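Scroll down for the structure; my scribbles are underneath it.
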There are 2 protein chains.
Amino acid sequence: MKTVAELSELLRARGQKVTTQRQHIFHALEGNTFHPSADQVYEAVRRDVETISLKTVYQTLNELVAMGELAALDVGTGTVRFDPNVELAHHHLVCSRCGEVCDVNMELPELSLPDAAAQGYRVSSVEVVFRGVCRRCQGGTRRRAGDGKELS
Amino acid sequence: MKTVAELSELLRARGQKVTTQRQHIFHALEGNTFHPSADQVYEAVRRDVETISLKTVYQTLNELVAMGELAALDVGTGTVRFDPNVELAHHHLVCSRCGEVCDVNMELPELSLPDAAAQGYRVSSVEVVFRGVCRRCQGGTRRRAGDGKELS
DNA sequence: CTTTGTGCAAAGCCTTTGCACTCGC
DNA sequence: GCGAGTGCAAAGGCTTTGCACAAAG
């Protein structure tokens with residue numbers, strides 16, 4: 001993701017306001033590799049700006065997604081996660097106990113569908129999700145509160 | 001997925017009741033390749049058993065998932081989809097307009113993570129989602145009502 | 001006859017929306 | 001000052017839960 005300064009510039013160029021709240025949200029995302037949920041961003045920003053509302057967070061995150069500066073990721077943990085890393089294509093590792101999401105920093109074989117298998121779809125992206133149990137959850141049975149849905 | 005008869009047998013063996021409602025739910029799933037949502041199963045069964053409640057459908061589907069006879073699939077369309085095809089590993093094609101989910105009937109290269117990339121995870125499954133626009137949505141801009149969330 | 005399942009309605013969670021006030025530009 | 005942005009609270013969609021009644025074994 002771009003830096004706070006670059007994003008502010010981008011907003012101004014688009015005729016949008018650069019507010020304190022938005023800058024704090026940008027700051028919370030910059031270089032963040034934890035794939036936070038909207039609520040986690042809200043909690044993080046609230047430590048600095050106590051009065052910020054969840055609506056502002058959702059709205060700002062959705063704008064960033066629309067601008068293509070942020071990726072929304074729904075990996076079945078019950079909440080949408082946001083990934084600031086939109087520059088290079090990468091895949092994810094999801095813990096089915098605690099819901100943690102990790103980047104996979106490895107080149108995977110090129111995945112493409114021959115026309116025969118595409119069934120008429122115009123395919124625009126591929127997403128690979130590895131599911132398993134993270135190191136922390138393997139030792140002990142504790143779970144991070146309020147997360148993890150155990151789909152399969 | 002197993003047949004209605006096999007599933008009924010399985011329930012009996014587990015000491016669970018084989019009710020008319022459950023058999024109709026099994027029937028609606030058998031050989032179904034549309035990846036229906038709970039609500040779609042509900043609507044389908046309601047054509048035969050008018051008084052069935054949504055709770056019964058959710059409960060039965062969740063039991064089948066727990067038994068491993070049905071797969072729950074959250075591909076970011078806003079509702080969990082159910083996939084009766086649990087026998088052989090396969091991947092999915094999701095329409096980002098209408099939310100339709102198709103099976104990909106093709107062998108993909110073996111995807112595995114070397115320990116270095118697994119970051120301590122004990123990986124148990126891999127899921128590949130191809131996103132794009134289905135044939136129907138490419139011609140015309142109409143969308144299937146009440147579906148499709150446009151994540152990215 | 002007992003235990004499990006059912007139906008209805010109400011609650012829960014995440015996300016979005018309506019409206020008056022505030023602040024960046 | 002004007003209009004986009006903000007905060008609060010309330011609504012919306014999907015899924016789960018509580019309780020009394022009905023049905024399966």
Side-chain angles (χ1 to χ4, degrees), chain A residues 7-26 36-43 45-46 48-67 72-82 99 144-151, chain B residues 7-26 36-43 45-46 48-67 72-82 99 144-151:
Chain A
L7 285 174
S8 304
E9 205 47 54
L10 236 159
L11 279 197
R12 251 184 284 269
R14 293 164 56 102
Q16 291 176 278
K17 307 281 165 82
V18 179
T19 62
T20 320
Q21 290 89 334
R22 292 186 170 190
Q23 291 186 310
H24 278 277
I25 293 173
F26 298 163
S37 63
D39 201 65
Q40 288 167 332
V41 173
Y42 173 57
E43 291 302 336
V45 174
R46 208 146 65 120
D48 297 329
V49 188
E50 293 183 13
T51 66
I52 196 172
S53 87
L54 194 50
K55 164 173 180 170
T56 302
V57 174
Y58 270 109
Q59 185 170 291
T60 306
L61 292 175
N62 285 339
E63 278 169 16
L64 285 173
V65 171
M67 290 163 59
L73 210 61
D74 187 339
V75 289
T77 52
T79 59
V80 176
R81 318 298 280 262
F82 294 92
R144 201 164 68 205
D147 221 334
K149 211 170 59 178
E150 305 259 353
L151 261 184
Chain B
L7 285 173
S8 304
E9 205 47 53
L10 236 159
L11 280 198
R12 250 184 284 268
R14 292 164 57 102
Q16 291 176 279
K17 307 283 165 82
V18 179
T19 62
T20 320
Q21 290 91 334
R22 295 188 169 188
Q23 291 186 311
H24 277 277
I25 294 173
F26 299 162
S37 63
D39 200 65
Q40 288 168 332
V41 173
Y42 173 58
E43 291 302 335
V45 174
R46 209 146 65 119
D48 297 329
V49 188
E50 293 182 16
T51 66
I52 196 172
S53 88
L54 195 49
K55 163 170 182 171
T56 302
V57 174
Y58 270 109
Q59 184 171 291
T60 306
L61 292 175
N62 286 339
E63 278 169 15
L64 284 174
V65 171
M67 290 163 60
L73 211 60
D74 187 339
V75 289
T77 51
T79 59
V80 176
R81 317 298 280 262
F82 294 91
R144 201 164 66 205
D147 219 332
K149 209 170 60 178
E150 304 261 350
L151 260 185

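In this text, all values refer to a predicted model and were calculated from it rather than measured experimentally. Below, read A as the first sequence line, B as the second, and so on, with proteins coming before strands; counting in each chain starts at 1.
Evaluated for a side chain to side chain contact (heavy atoms under 4.5 Å, CB included) with A:His24, the options A:Val57, A:Val41, A:Val49 yield exactly one hit, A:Val49.
Taking atom CD of residue B:Glu50 and atom P of nucleotide C:dC8, one finds them 12 Å apart after rounding to whole Å. Rounding to whole angstrom units, CG of residue A:Asp39 and P of C:dC14 are separated by 7 Å. Remark: P of C:dT6 and CZ of B:Arg46 are 16 Å apart, rounded to the nearest angstrom. Here the P atom of nucleotide C:dC14 and the CG atom of A:Leu61 are 15 Å apart, to the nearest Å. Between B:Gln23 atom CD and D:dG25 atom C1' the separation is 14 Å, expressed in whole Å. The distance from atom CZ of A:Arg14 to atom P of D:dA4 is 14 Å, rounded to the nearest whole Å. Across the protein-nucleic acid pair, B:Gln21 atom CD and D:dA23 atom P stand 10 Å apart, rounded to whole Å. Atom P of nucleotide C:dC13 and atom OH of A:Tyr42 are separated by 15 Å, given to the nearest angstrom.
A:Arg22 places a side-chain heavy atom less than 4.5 Å from the side chain of A:Leu11. Between A:Leu64 and A:Leu7, the closest side-chain pair of non-hydrogen atoms falls below 4.5 Å. Counting only heavy atoms from C-beta outward, the side chains of A:Ile25 and A:Ile52 approach each other to under 4.5 Å. Two residues are said to be in side-chain contact when any heavy atoms from C-beta on lie closer than 4.5 Å; B:Thr60 and B:Gln21 fail this criterion. Contact check for A:Arg46 versus A:Glu43: side-chain heavy atoms found under the 4.5 Å cut-off.
Put simply, A:Thr79 has no side-chain N or O that comes within less than 4.0 Å of OP1 or OP2 on C:dC14. One finds a side-chain N or O of A:Tyr58 lying less than 4.0 angstrom from the OP1 or OP2 phosphate oxygen of C:dT15.
Residue B:Thr51 is in sugar-phosphate contact alone, with no base atom involved, counting any heavy-atom pair closer than 4.0 Å across all strands shown. Nucleic acid contact for A:Gln59: base, since at least one base atom lies under 4.0 Å from a heavy atom of the residue. Within 4.0 Å (heavy atoms only), A:Asn62 reaches sugar-phosphate atoms of the nucleic acid but no base atom.
DNA chain D is contacted by both A:Arg22 and B:Phe82; A:Arg22 maps to the nucleotide lying nearer its 5′ end (nearest heavy atom per residue).
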Table of protein N/O atoms under 3.5 Å from nucleotides 21-24 of chain C N/O atoms:
| residue | atom | partner | partner atom | Å |
| --- | --- | --- | --- | --- |
| C:dG24 | N2 | A:Lys17 | NZ | 3.3 |

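Below the 3.5 angstrom threshold, one finds no donor paired with an acceptor across the side chain of A:Lys55 and the base of D:dG5.
B:Gln40 contributes a side-chain N or O that, together with a main-chain N or O of B:Ser37, makes up a donor-acceptor pair within less than 3.5 Å.
Distance from the side chain of A:Ala38 is smallest to C:dT15 among D:dT15, C:dT6, C:dT15.
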